[in-house]
Amino acid sequence: MRKKRSGVTRVAVFGDVKGLCFAAMLCAMSVVLAFLAKLIFGYGPIRFTVENLPIQLAGAVWGPFGGALVALTADLVSCLFSGMAPNPLISLGSVTVGVLSGLLLHRRAEKSGVIRVLVASLSAHAAGSMLVKTLALHLWFGYSFLLLWPRIPLYIGIAVIEGFLVFTLCRNTQIRRILRALAGEKGDGAMTYQEAIDYIHSVVWKGSRPGLSRITQLLDLLDNPQNGMKFIHVAGTNGKGSVCAMTESILRRAGYRTGLFVSPYIKHFNERICVSGAPIDDRSLAEATAAVRPFADSMADAPTEFELITAIGLVYFKRMKCDVVVLETGMGGRLDSTNVIKDPIATVITGIALDHTAYLGDTVEQIAAEKAGILKKGAPVVWGGRDAAARAVIEARAAEIGVPFLAAEDTPVTVSKADLSGTVVSYGEWQDVSIPLLGSYQPQNLATVLTLMRALATVGYAIDERAVREGLLATRWRGRFEKLCEEPLIISDGAHNPEGIRAAAKGITAYFGEKKVLILTGVMADKDYHDMVNVLAPHTAQAFVLTPDNPRALPAADLAAVFESVGVPATPFASVREAVCAAVQAARERGMPLLSLGSLYMYAEVTDILEKKGVIRM
């Protein structure tokens, strides 16, 4: 009955030794309830008893086989203590209750409404108690069916009571956690990497549904791994990733064991969850996902994909005993799943622009208010943007809860060097700070990070100048005005909204002056692509337009038509590969820089094709 898996001894059916002990407890409970019923009502055919409640719970936890085993064991033990010979039909009735409870309630009781659980309980009793056991009383003991009719309404009442009890127990957060733990369903790494990825990307979790109720419940079931950890929480419309990358690199160079949670990933999913600069390995991702899965599956209101990934990341950071986790929000702030953390050591808002307006609001002030939802008492906030209206909202929120407000824009930034080899910036007391990152927006992001260093010093995290400089110089962050290749010159930037496109256009001017470039791009239909094209038009010699691999993508022909309408030659392509090949060929023939613009998810498609063609080596 025993088997080995991953070096852990497990007990078949009941999971492990704790599960077996829990099953024994349910058997004992059933025996005691049956004995009390006989003590009160005697041994006649009509008596009130809830001895099947433990059997239904066993079915809900372990399925039909587990429910049947508990039922049969309880029946035999009851006969042993009463001195009565086992009755095959009575035992079959108990087993029927266990089997049907398992079939109808296993992995469902925690998700179902009360009506569904009651129907399951009534069905189990109808077959097991009202049919099989009543037939046993007639055939074995000779009771008349007329005498047995009152059993039907009695057992309907019993089934309703037991159903309500099962529903209440399985929906209670604390009891459900105990049930799953005792049943051996905490997750033990019994999942492959591909199974974990398939599970995370399952359609079950699709959609964006802002709110903290689901992530709060899921983390509560997981014993709240986020509690006790230190976080730097980063929100904003653009620049979050670069700020997070620089901050994590500095902290790591200063000797801290760091966690980094970002989205989206560039090439591989594992990049979203890093410890000490290294993406989570395949085995650890599978183990963390296996730990989260049973609890996510148990929730009536299933978590979204981002909430699921947030929970997986927090479980991993806890296991790895990170000193500080740099935590990037998804698209929001106040209702973003990362905002479940209670006590960050600092918060950062990189900047505000109109994006995700359907969820966050259609004015800068409304979006700023949502982002400001990450502010917490005791944690200084760093403002990295330049919009006066957004700043006013965030500064007012900081004053309301009594936390220090530090604005990067209050100190001038001087750029002494900005070419394709890197950027050198002076900012306040920081002179000639070098970063390898390109882009007209990186000096502002660097100023935000240096302001964050000031904020951290006020809460006990004073980081010396050497660690700051070395950490910044070692920062690596793909897809942000990244030079992929010299011959031909290919640059990739993850700009995918109007503000990002304006920053990319500034970068074109900064690095190439009045020289026009070739553009390879594709956009989502819900973006303001007319504005984006208008910004790019003065800098674009020709556009190579593709349709990103996304249900929200704008057809390439539609975007090409917009480019053409403002006088930019544009060609739509049926596939990403065709667009990339044509754009690279044109860059070589015309000796012009090629700028690949679009979401960071598009980066992987484009660079994969460039690698296969031998144009770049990643």
Side-chain angles (χ1 to χ4, degrees), residues 212 215-216 218-220 222-236 239-265 269-281 284-285 287-289 291-292 306-330 332-333 336-350 371 373-382 448-449 452-453 455-457 459-463 467-468 471 474-477:
L212 297 178
I215 187 65
T216 299
L218 179 55
L219 292 176
D220 189 45
L222 289 161
D223 290 325
N224 290 301
Q226 77 280 9
N227 289 352
M229 287 197 286
K230 305 296 183 183
F231 295 94
I232 296 173
H233 204 184
V234 182
K240 299 191 298 293
S242 296
V243 167
C244 286
M246 286 188 267
T247 300
E248 185 278 330
S249 186
I250 291 170
L251 290 170
R252 178 158 35 100
R253 192 55 59 106
Y256 292 101
R257 187 174 183 81
T258 58
L260 177 64
F261 183 84
V262 293
S263 62
Y265 61 91
F269 178 86
N270 305 46
E271 297 166 13
R272 298 187 68 165
I273 303 167
C274 299
V275 168
S276 297
I280 183 173
D281 62 273
S284 295
L285 178 64
E287 289 175 347
T289 305
V292 173
F306 187 73
E307 290 166 345
L308 190 69
I309 297 168
T310 301
I312 291 168
L314 292 172
V315 165
Y316 181 61
F317 295 141
K318 186 75 169 183
R319 288 181 177 179
M320 297 302 288
K321 299 179 180 179
C322 292
D323 298 318
V324 183
V325 175
V326 181
L327 190 69
E328 180 188 347
T329 63
D336 188 85
S337 68
T338 61
N339 204 30
V340 74
I341 64 170
K342 302 298 183 186
D343 301 303
I345 58 176
T347 58
V348 180
I349 299 178
T350 59
K371 304 287 187 183
I374 70 168
L375 273 61
K376 304 286 191 304
K377 289 183 178 180
V381 57
V382 172
T448 302
V449 172
L452 174 61
M453 294 303 110
L456 290 177
V459 290
Y461 288 81
I463 299 172
V468 173
T475 303
R476 297 293 179 267
W477 198 234

### Query
Mind checking whether I280 and V275 have side chains closer than 4.5 Å, heavy atoms only?
no
### Task
Return the set of residues passing side-chain hydrogen bond (donor to acceptor under 3.5 Å, both in side chains) with D323 (not counting sequence neighbours), or none when no residue passes.
none
### Summary
OG1 (T258) and CZ (R253) are apart, to the nearest 0.5 Å, by 11.5 Å
### Message
Once side-chain hydrogen bond (donor to acceptor under 3.5 Å, both in side chains) is applied, what residue pairs with a partner in residues 339-349 remain, sequence neighbours excluded?
### Response
N339-K376
### Task
Please assess I250 against L452 for the test side chain to side chain contact (heavy atoms under 4.5 Å, CB included), listing each intermediate value before the final yes or no.
CA-CA 11 Å; I250 291 170; L452 174 61; over 6 Å; no
### Message
Applying side chain to side chain contact (heavy atoms under 4.5 Å, CB included), can you list everything that pairs with I341, at least two apart in sequence or on another chain?
### Response
Q226, F231, H233, L327, P344
### Query
Which heavy atom in I349 sits nearest to a heavy atom in I374, and how many Å separate them?
CG1-CD1, 4.4 Å
### Task
With rounding to the nearest 0.5 Å, note down the distance linking OG1 in T475 to CZ in R252.
8.0 Å
### Message
Using 0.5 Å steps for rounding, measure from the CD atom of E328 to the OG1 atom of T247.
### Response
11.0 Å
### Message
If I take atom OG1 from residue T310 and atom CZ from residue F261, how far apart are they, to the nearest 0.5 angstrom?
### Response
4.0 Å
### Message
Does any part of the side chain of F317, heavy atoms only, come nearer than 4.5 Å to the side chain of I273, both counted from C-beta?
### Response
yes
### Task
Kindly give the heavy-atom pair with the smallest separation between R319 and A288, and that separation in Å.
NH1-N, 3.9 Å
### Query
Any donor and acceptor pair, going by atom type alone, linking the side chain of K318 with main-chain N or O of N227 inside 3.5 Å?
yes
### L251 CG to C322 SG distance, which is reported to the nearest 0.5 Å
11.5 Å
## Note on the structure
So CG of D281 and CG of N270: to nearest 0.5 Å the spacing works out to 8.0 Å
### Task
Measure across A455 and V382 and return the closest heavy-atom pair with its distance rounded to 0.1 Å.
CB-CG2, 3.9 Å
### Shortest non-hydrogen contact from V324 toward Y256
CG2-CD2, 4.3 Å
### Query
Do L314 and M229 come close enough that some side-chain heavy atom pair is under 4.5 Å?
yes
### Message
What I'd like to find out is whether the side chain of I215 reaches to under 4.5 Å of the side chain of F306, using heavy atoms alone.
### Response
no
### Task
Answer yes or no: is there a donor N or O on one side and an acceptor on the other, between the side chain of R272 and the main chain of G313, under 3.5 Å?
no
### Summary
Nearest heavy-atom contact between K371 and A235 is CD-CB, 4.4 Å
### Query
Donor-acceptor pair, S249 side chain versus A245 backbone, under 3.5 Å?
no
### Task
Write down the atom of G330, the atom of S263, and the distance for their closest heavy-atom approach.
CA-OG, 4.5 Å
